[in-house]
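One structure is given here, and the rest of the page talks about it.
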Amino acid sequence: MHTEDWPSTIEEALATQERLRGRVDLTDDLPELPPTVTGLDVAYDDAGGIAAAVVTLETAGLTVVEERTHRAKAVFPYEPGLFAFRELPPLLAALDRLERTPDILVCDGHGLAHPRRFGLACHLGVLTGLPAFGVGKTPFIGSHEPPPASRGCSAPLVDAGELVGAVLRTQDGVKPVYVSAGHRIGLAHACRLTLALTPRYRLPETTRHADRLSRAALR
DNA sequence: GCGACAG
DNA sequence: ATCTTGTCGC
């Protein structure tokens with residue numbers, strides 16, 4: 001979309017985060033189990049090429065109802081904390097191609113569990129106005145105790161005295177995932193949805209589908 | 001001050 | 001992110 005005025009320097013990106021962070025709304029109006037869930041992911045090749053994929057699943061049954069991709073060149077370098085400026089452009093383009101407006105976005109990355117409380121899930125939520133939350137595979141900021149080993153157990157993720165997310169066990173005895181709210185959803189609800197999306201594997205079905213599709217779109 | 005740092 | 005063999009377990 002408006003990649004003309006997209007931040008191109010770290011200073012501009014930081015200023016953008018500072019300007020948009022106040023637009024995050026944590027009010028949760030979402031039904032307990034929205035009709036659909038939309039996952040997003042981006043794959044990279046070794047020549048600056050990137051491919052974004054968005055996949056919408058029916059929440060009950062986790063079957064694919066729609067999927068879209070978008071290929072492009074990376075316009076921002078990877079920088080911890082500014083991750084969104086790299087993945088957002090292709091993701092927004094892919095989202096624009098969906099016919100059905102998503103009920104909620106499940107991002108692979110963090111939301112409030114970010115140094116300035118404005119990770120990818122928050123940014124994506126604010127720009128689209130859609131509910132969004134993040135499910136990260138690895139920790140970024142914050143400290144926590146290891147959650148009990150059973151699926152469904154979690155431990156609070158705290159940073160600077162603030163509760164920024166949850167470390168959630170999605171499978172018995174398997175490494176946990178990092179869940180944080182992004183926009184228009186609460187942490188507990190985000191955790192419940194994450195569990196609904198992980199009946200069998202560690203990562204949400206949305207993320208698994210989007211990951212597979214983005215890699216395929218790269219070729 | 002130094003190191004670590006989502007994907 | 002991506003590069004990769006073998007290996008353990010259902």
Side-chain angles (χ1 to χ4, degrees), chain A residues 6-7 10 13-14 16-17 20-21 24 39-55 69-95 105-127 132-144 149 151 157-160 162 164-168 170-183 187 190 194 198-204 206-219:
Chain A
W6 197 254
I10 290 182
L14 289 171
T16 296
Q17 289 188 330
L20 296 179
R21 57 184 294 185
V24 169
L40 314 87
D41 195 17
V42 176
Y44 301 76
D45 64 22
D46 43 310
I50 57 182
V54 295
V55 180
T69 62
H70 179 80
R71 297 186 54 158
K73 286 292 181 183
V75 298
F76 201 91
Y78 169 68
E79 193 70 48
L82 300 178
F83 178 50
F85 295 92
R86 185 171 175 74
E87 298 208 339
L88 228 29
L91 285 175
L92 291 172
L95 280 173
L105 305 177
V106 183
C107 314
D108 77 312
H110 301 92
L112 292 177
H114 175 277
R116 292 169 293 284
R117 308 292 181 262
F118 198 67
L120 177 65
C122 299
H123 206 147
L124 203 42
V126 165
L127 293 191
F133 68 95
V135 179
K137 297 181 285 293
T138 60
F140 184 22
I141 53 105
S143 56
H144 66 87
R151 162 177 157 84
L157 179 62
V158 178
D159 180 58
E162 294 178 63
V164 297
V167 184
L168 177 68
T170 56
Q171 295 300 324
D172 290 351
V174 170
K175 179 164 52 157
V177 296
Y178 298 76
V179 180
S180 57
H183 189 56
L187 178 59
T194 298
T198 53
R200 165 91 209 252
Y201 300 103
R202 175 188 177 232
L203 298 179
T206 39
T207 300
R208 289 165 46 76
H209 275 95
D211 177 80
R212 182 168 48 64
L213 183 58
S214 65
R215 293 186 197 232
L218 209 47
R219 316 173 202 168

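None of the values given here were measured: they were computed from a predicted structure. Just so it is clear, the values below take in all heavy atoms, side chains as well, and ignore hydrogens, waters and symmetry mates. We name chains A, B, ... by the order of the sequence lines, and we start the count at 1 in each one.
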### Query
Are the aromatic ring centres of His123(A) and Phe85(A) under 6.0 angstrom apart?
yes

### Task
Specify the separation, in whole Å, of atom CG of Leu218(A) and atom P of dT2(C).
8 Å

### Task
Select one nucleotide: of dG7(B), dA6(B), dT2(C), the one nearest the side-chain heavy atoms of Ala43(A).
dT2(C)

### Message
From CG of Leu88(A) over to P of dA1(C), roughly how many Å is that when rounded to an integer?
### Response
17 Å

### Query
Tell me: CZ of Phe85(A) to P of dC5(B), nearest whole Å?
22 Å

### Task
Could you tell me the separation between the CZ atom of Arg202(A) and the P atom of dC10(C), rounded to a whole number of Å?
20 Å

### Task
Determine: side-chain N/O of Arg86(A) to OP1/OP2 of dA1(C), distance under 4.0 Å, yes or no.
no

### Message
Between Tyr178(A) and dA6(B), is there a contact of a side-chain N or O with OP1 or OP2 at under 4.0 Å?
### Response
no

### Message
Please report the distance, rounded to the nearest Å, between CG in Asp172(A) and P in dC10(C).
### Response
13 Å

### Query
Is there a side-chain contact between Leu95(A) and Leu105(A) (heavy atoms, below 4.5 Å)?
yes

### Task
Round to a whole Å and report the spacing from OH of Tyr44(A) to C1' of dA1(C).
6 Å

### Query
Taking C-beta and beyond as the side chain, do Leu40(A) and Asp108(A) meet within less than 4.5 Å on heavy atoms?
no

### Query
For the side chain of Phe140(A), counting heavy atoms from C-beta on, which of dA1(C), dG7(B), dA6(B) is nearest?
dA6(B)

